[in-house]
Structures are given as C-alpha cells and as structure tokens.
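To start, the structure itself, in structure tokens.
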Number of protein chains: 2
Amino acid sequence: MSEIISLVNELERKNIKVTQQRRIILGILNNNKGEHLSARDIYTLGKDIDDSIGLSTVYRTLNLLRDVGIIAEYHFDKEFAKYELSCQKEQDIHHHLICKNCGKIIEVENYLPGHFKDEIYDKNQFICQEFSLKVSGLCKECQQLFSEEKTS
Amino acid sequence: MSEIISLVNELERKNIKVTQQRRIILGILNNNKGEHLSARDIYTLGKDIDDSIGLSTVYRTLNLLRDVGIIAEYHFDKEFAKYELSCQKEQDIHHHLICKNCGKIIEVENYLPGHFKDEIYDKNQFICQEFSLKVSGLCKECQQLFSEEKTS
DNA sequence: CTATGTGCAAACCATTTGCGAACCC
DNA sequence: GGGTTCGCAAATGGTTTGCACATAG
C-alpha cells in the first residue's frame, strides 16, 4: 500500500500539516477502501494503532479531509455520517442502493451518461466536483419476505 | 388547491387516521411544493394555523409520511433533514446541485436515462422506489468569486 | 519558536421518547 | 369506549467546541 504516500503528499501540497493522527486516519481509510466507515469505526480502529487518539480529533480530521476533497461523506437514511476515500479514477465512481427494509447498502457501477457533467455545466453553469446517486427500495431478500407475508 | 384532498384520501386508503394536525402538515407541504422545509419550518408555519401544535407531533407525522412514501426526506450537507412532497409524476422528478461554497441548492431536471430503473433491477434484483442525485460543486456566482480572488 | 493540532470533558442541538390527557372512528 | 395520537418536557446521541498542553515545521 504505497498509495498512502500519495495521500500524504496531497496534504503537503495543500499546506496541511501531516501529523501522526492524520497519517493514522488516512491509513485506516486506505486499508478499508470500499467500506463505509463511521467516525466511531475509525476511532476504534485508530485506538488499536495509537491508544491515545481522541474522538474529537477523528471528527476534526474527517471534516478537514472532506473539505479538501480527499474523502467523501455520505448520509444514508437517518444514520450518522459514513466516510470513504474519494474516487480518484472515473471508473471507480459508484452509487448506492439502500434497502428501505433491512438497511443493506449495495454498491453499483455508475449508470450516468458520461456527458452529464457537461450537460449540468451547459444548462446551469454549475461545476460538478462530485456526485452521488442514492436509490431507495427493496433488496432481493426483502422482496421475498414481503411476498411470503402476503401468502401466509 | 384541491390536491390536498387526494393526499388525505391517500392516508385513508392506507388506514392511517386523518387528524387535524396531519391535515395541517399536509396542507403546509402542499402549499410549499418545490421548497425544502425543515421540521422546524413546518412547526413554525403550523403554529400560525393552530398554536397548540407540538414539535414532536411534527416529527412523528413527518416520519409517518416518509415511511408511507408521501413525502421525501433529504439530507443536504451536514444540515438537518428537509422534506417535500414526493413526486407523483415521472416528469416532476428532479435532482439537486449543492454549492460547496455558499450552500445554495439548485433544482435541475432528471438527467437519468429512463431505463435506469430496469437496469438496476436486471443487474441487482433491486426494486427502485425512489432515487435522488446529489451533485456537489461550485455555482456560477461562487466560481466568479474564486476567480476574482486569484486575480487580486 | 510559534502557529497549529490534540485530548478531554462539557456543550450543542436536531430528533426521539415516556407519559398522562385529548381525540378520532 | 378503546385504542391511537397529541403536547410537553426530559432524554438521547452523534457531533462540535473551549481550553490547556503537545507537536510539526
């Protein structure tokens, strides 16, 4: 995992101090790509590496990384915030299907037409930096549960 | 505004009691289509109609209406929840551009290909009930601000 | 050396909940 | 009339903040 170095470089390039705690948090995010971690998850994982790390530092760091675009923050349902490294490559972009019944989150590929960023700029003069599609509905398993209920 | 009647009918059809408070809240949502109201906004507006209405009733009612699909709940940024009537007609579906600098929310038409619900079902056996696209970036005005900063 | 970051504990605040009274059907 | 809903006030819990100390550069 040498990608952590490029993440640290990105901080330096933005004139953000690279502290031990920030390095730890970036490492955790980098080792859990594709996962959606809460601030508490990251705090717990961080404790294993450096027991003295504080929860407020985790929050402050996550807010900082979000503001400079290194990580993405999601709010699924009424749950608390979840974080993951921002997608660097266009083909890494994915979206989320959220089951209204069991809360499961399924990641799916990007369904949006490639030109949609341009379309948004042409029509609204709005520069799209990030986008995320949230689809709510019923997952395969919960559909079956409901059809069983009806027949019983 | 006779649409309020069809909303009330929808409640009755779902065997949900139609109380004075629920009628008031539906009315407020119906009179503010296209707006994004917070629970507090609705509470304040409701007070003007019936001063005795309680904030917890507003929350309980909004949760109820959300669960049965009559209203949509949004979480923009770190802000608290915002609500609006669900789109009844396909062509009412819209998405949101959120400016990272000033927080302004711009509504735009649905850019997604019409067949995308089917695509999601075919590939993931997931039934799409609702979907919303959130685009973060810079609005026209804030782009100008940034370019002025650079030149000064 | 100095501005910035950190840990702790307390504060914050939108949202939820418990309970007795009020209300809809 | 009986179960649901309401209003109030108190509790909840994720997130933020104030402050004294530690640390990066």
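Only a predicted model underlies this, so the values are computations on that prediction, with no experimental measurement involved. Lettering of chains follows the sequences in order, A, B, ..., and the numbering in each one begins at 1.
- Regarding contacts with the backbone of D/dT23, every side-chain N or O of A/Gln21 stays at 4.0 angstrom or more from both OP1 and OP2.
- Chain B approaches DNA chain C within less than 4.0 angstrom (heavy atoms of the protein), and the contacting nucleotides run 5' to 3' from C/dA14 to C/dC25.
- Residues B/Ile25 and B/Phe80 are members of separate hydrophobic clusters, defined by side-chain heavy-atom contacts under 4.5 angstrom among Ile, Leu, Val, Met, Phe, Trp and Tyr.
- Between the CG atom of B/Asp51 and the P atom of D/dG7 there is a distance of 11 Å, given to the nearest Å.
- The salt bridge (Lys or Arg N to Asp or Glu O under 4.0 Å) analysis of residues 37-46 of chain B, with sequence neighbours excluded, yields no pairs.
- Within the 3.5 Å criterion, the main-chain N or O of A/Ile70 finds a donor-acceptor partner in the side chain of A/Ser86.
- No donor-acceptor pair under 3.5 Å is formed between the side chain of B/Asn30 and the backbone N or O of B/Leu26.
- Counting to the nearest Å, the C1' atom of D/dT16 and the CZ atom of A/Phe80 are 17 Å from each other.
- Applying the side chain to side chain contact (heavy atoms under 4.5 Å, CB included) test to B/Gln125 and every residue at least two apart in sequence or in another chain returns A/Lys140.
- Contact check of residues 54-64 of chain A against DNA chain C (heavy atom, cut-off under 4.0 Å) returns A/Gly54, A/Ser56, A/Thr57, A/Arg60.
- Nearest heavy-atom pair across A/Tyr43 and A/Leu55 is CE1-N, 3.3 Å.
- Ring centroids of A/His96 and A/Tyr74 are separated by less than 6.0 Å, placing the two rings close together.
- Atom CZ in A/Arg22 sits about 13 Å away from atom C1' in D/dG25, given to the nearest Å.
- Hydrophobic cluster membership is shared by B/Ile4 and B/Leu64, with clusters built from Ile, Leu, Val, Met, Phe, Trp and Tyr side chains linked at under 4.5 angstrom.
- Residue B/Ser38 is out of contact with every strand shown, counting any heavy-atom pair closer than 4.0 Å.
- Across the protein-nucleic acid pair, A/Tyr43 atom OH and D/dT15 atom P stand 14 Å apart, rounded to whole Å.
- The interatomic distance linking A/Lys82 (NZ) with D/dG14 (P) rounds to 11 Å, in whole Å.
- Considering CD1 of A/Ile5 and CZ of A/Arg23, their distance stands at 10.0 Å, rounded to 0.5 Å.
- A residue-by-residue look at A/Ser52 and B/Gln20 shows that A/Ser52 has its nearest nucleotide of DNA chain C further toward the 5' end.
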Scan the side chains in residues 12-20 of chain A for donor-acceptor partners under 3.5 Å anywhere in the protein, sequence neighbours excluded, and list what turns up.
residue	atom	partner	partner atom	Å
A/Lys14	NZ	A/Val68	O	3.0
A/Thr19	OG1	A/Arg22	N	3.2

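- Rounded to 10 degrees, the angle separating the terminal axes of the helix from C/dC1-D/dG25 to C/dC25-D/dG1 is 50°, with each axis obtained from five end pairs.
- Within the structure, every side-chain polar atom (N or O) of B/Thr19 is placed at least 4.0 Å from both OP1 and OP2 of D/dT4.
- In this structure, A/Phe116 has its ring center closer than 6.0 angstrom to the ring center of A/Phe131.
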